[in-house]
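So the structure is just underneath, and the comments pick up after that.
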Amino acid sequence: MELIVKILKKLHLLDFALKVKKNRIRRKRLTKKVRFENRSKDKEKLLIVLAGYKPFLYEIVFKRIKKFVDNDIEICIVSSGKYDEKLSEIAEKNDWSYLSVKRNNVALAQNVAINSFPNAKLIYKLDEDIFVTKNYFKNLLKTMNDCEKKGEYKPGFIAPMIPINGFSNMLVLERFNKKKEYEKRFEKPLYKAGRERMIESNPDVAKAFWGENDFLPQLDEMNKIVNKDKMDYVSCPIRFSIGAILFERKLWEDMGMFEVKSGPGMGLDEEQICSYCMISSNAIIVSKNTIVGHLSFGTQNESMKKYFEEHKDVFNIQ
């Protein structure tokens, strides 16, 4: 009997120690230094939009979100490391929430945002340079549900086809029969992310994927075409840029939230969720029935900002 009591005491101490450790980690991955303009409707679907550093995109990006978002999704615009009056105005005008996190760290900002909406079971996450399209939200959820019920993978997160993306650029080239032309004009197309690839570094490639010289149809036209295709999706075996994804809250909880490291942590949230999905055998699933636009990657940004400002009709809803 004494031995049993000792064992129980040890187990109790171990359980207490684990709880203390968990709470310590939780405190490191959250913060109270925020400004939260809370208009929550306690919905089970949440869209967080990371924004604050490309104000020239606000008008069209949020115009698209407003037009295409479903009514059962609530929206929170999130700024990492700054407070943006314009974003606050956009949120107020549309009855959305706005969260400003004092420290500039994208993992921390996302943790705080998700934690601020405890009823949200499904999380859509967008970067401020993503241009959503018709049926984007419905199609990602439909893909997740189909993969769960009929597929051969346990989905980790769901993404659309994104032309300017290391993986799904190939899917777009194949769907629109542009692989040979791309190779002739630029380089051999590959399922490969990285700054050494033109898809992530060459502004002329970015312009081509936005339809320059009729290389591809306009974004909404491409999306209309793939919307009509038979339902299909593929698993991504490489790192995927997470500018536009859907995942379950449970995945984020099972990860222990995003780890918050020093600095702004750009790209570290991506590394973590992709790594976690790989290690835990949760697949990265890409829907072939929806396309969204991504303005550009870092070394393309300056040229693409100018291109955007001179060709807004390309990016606007059509």
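Position 1 is the first residue of the sequence; numbering continues from there.
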Do [X] and [Y] have side-chain heavy atoms sitting under 4.5 Å apart?
{"X": "Glu183", "Y": "Pro189", "result": "yes"}
{"X": "Pro163", "Y": "Ile291", "result": "yes"}
{"X": "Phe117", "Y": "Glu74", "result": "yes"}
{"X": "Ser168", "Y": "Ile162", "result": "yes"}
{"X": "Ile242", "Y": "Lys125", "result": "yes"}
{"X": "Phe167", "Y": "Ile199", "result": "no"}
{"X": "Glu128", "Y": "Val61", "result": "no"}
{"X": "Lys250", "Y": "Lys121", "result": "no"}

Can a side-chain donor-acceptor contact be found between [Y] and [X] if the only test is distance below 3.5 angstrom?
{"X": "His294", "Y": "Asn165", "value": "no"}
{"X": "Glu212", "Y": "Tyr307", "value": "yes"}
{"X": "Ser88", "Y": "Glu37", "value": "yes"}
{"X": "Thr143", "Y": "Asp146", "value": "no"}
{"X": "Glu196", "Y": "Ser201", "value": "no"}
{"X": "Asn119", "Y": "Glu44", "value": "no"}
{"X": "Asp84", "Y": "Ser79", "value": "no"}
{"X": "Asp229", "Y": "Asn289", "value": "no"}
{"X": "Ser296", "Y": "Asn301", "value": "yes"}

[atom1] of [X] to [atom2] of [Y]: how many Å apart, nearest 0.5 Å?
{"X": "Phe62", "Y": "Lys86", "atom1": "CZ", "atom2": "NZ", "value": "10.5 Å"}
{"X": "Phe215", "Y": "Lys207", "atom1": "CZ", "atom2": "NZ", "value": "15.0 Å"}
{"X": "Glu270", "Y": "Phe240", "atom1": "CD", "atom2": "CZ", "value": "9.0 Å"}
{"X": "Asp313", "Y": "Gln318", "atom1": "CG", "atom2": "CD", "value": "6.5 Å"}
{"X": "Ile75", "Y": "Arg39", "atom1": "CD1", "atom2": "CZ", "value": "12.0 Å"}
{"X": "Ile48", "Y": "Cys76", "atom1": "CD1", "atom2": "SG", "value": "8.0 Å"}

Worksheet entry | Verdict with reasoning, Phe137 to Phe68, per ring pair (Phe, Tyr, Trp, His ring centres under 6.0 Å) | CA-CA 8 Å; Phe137 298 97; Phe68 297 126; 8.6 Å; no
Check the surroundings of atom [atom1] in [X]: do more than 12 heavy atoms from other residues, nucleotides or ligands lie under 6.0 Å from it?
{"X": "Lys224", "atom1": "NZ", "result": "no"}
{"X": "Met266", "atom1": "CE", "result": "no"}
{"X": "Asp95", "atom1": "CG", "result": "yes"}
{"X": "Met170", "atom1": "CE", "result": "yes"}
{"X": "Glu309", "atom1": "CD", "result": "yes"}
{"X": "Glu187", "atom1": "CD", "result": "yes"}
{"X": "Tyr153", "atom1": "OH", "result": "no"}
{"X": "Arg185", "atom1": "CZ", "result": "yes"}

Item to complete: Say whether, by atom type as modelled, one donor and one acceptor occur between the side chain of Asn139 and the main chain of Ser287 under 3.5 angstrom.
Response: no
Discussion item. Please check: side-chain N/O of Asn202 versus main-chain N/O of Asp204, any donor-acceptor pairing under 3.5 Å?
Written reply: yes
Worksheet entry | Test log, rule side chain to side chain contact (heavy atoms under 4.5 Å, CB included), inputs Leu171 and Arg175 | CA-CA 6 Å; Leu171 301 179; Arg175 176 61 184 82; over 6 Å; no
Side-chain heavy atoms under 4.5 angstrom apart, residues restricted to Ile, Leu, Val, Met, Phe, Trp, Tyr: same cluster for [X] and [Y]?
{"X": "Tyr182", "Y": "Tyr191", "value": "yes"}
{"X": "Leu268", "Y": "Ile284", "value": "no"}
{"X": "Met304", "Y": "Ile60", "value": "yes"}
{"X": "Met231", "Y": "Ile225", "value": "yes"}
{"X": "Ile285", "Y": "Met278", "value": "no"}

Worksheet item: Out of Asp127, Asp269, Val260, Asn111, which one pairs with Val106 under the side-chain contact (heavy atoms from CB on, under 4.5 Å) rule?
Response: Asp269
Using a strict cut-off of less than 4.0 Å between a Lys/Arg side-chain nitrogen and an Asp/Glu carboxylate oxygen, indicate whether [X] and [Y] qualify as a salt bridge.
{"X": "Lys178", "Y": "Glu181", "result": "yes"}
{"X": "Glu174", "Y": "Lys179", "result": "yes"}
{"X": "Arg249", "Y": "Glu253", "result": "yes"}
{"X": "Asp220", "Y": "Lys134", "result": "no"}

Worksheet item: Step by step, would you call Leu122 with Leu46 a side chain to side chain contact (heavy atoms under 4.5 Å, CB included)?
Response: CA-CA 6 Å; Leu122 291 169; Leu46 169 68; over 6 Å; no
Item to complete: Evaluate the side chain to side chain contact (heavy atoms under 4.5 Å, CB included) criterion for residues Ile245 and Ile158: first the C-alpha distance (whole Å), next the side-chain angles of each, then the deciding distance (0.1 Å), finally the verdict.
Response: CA-CA 6 Å; Ile245 60 172; Ile158 314 294; over 6 Å; no
Fill in: Contact summary for Ile130 and Leu126, nearest pair of heavy atoms
CG2-CD2, 3.7 Å
Practice prompt. Output, in order, the C-alpha distance, side-chain angles, deciding distance and verdict of side chain to side chain contact (heavy atoms under 4.5 Å, CB included) for Ile273 and Phe258.
Written response: CA-CA 8 Å; Ile273 196 168; Phe258 291 105; 4.1 Å; yes
May I ask you to check if [X] and [Y] form a cation-pi contact, with NZ or CZ under 6.0 angstrom from the six-membered ring centre and within 45° of the axis?
{"X": "Lys305", "Y": "Phe56", "answer": "yes"}
{"X": "Lys82", "Y": "Tyr53", "answer": "yes"}
{"X": "Arg64", "Y": "Phe131", "answer": "no"}

Worksheet item: Using the ring of each side chain (for Trp, its six-membered ring), is Trp210 parallel, tilted or perpendicular to Phe315, with breaks at 30° and 60°?
Response: tilted
Worksheet entry | Ring-ring centroid check Phe36 Tyr98, cutoff 6.0 Å | no
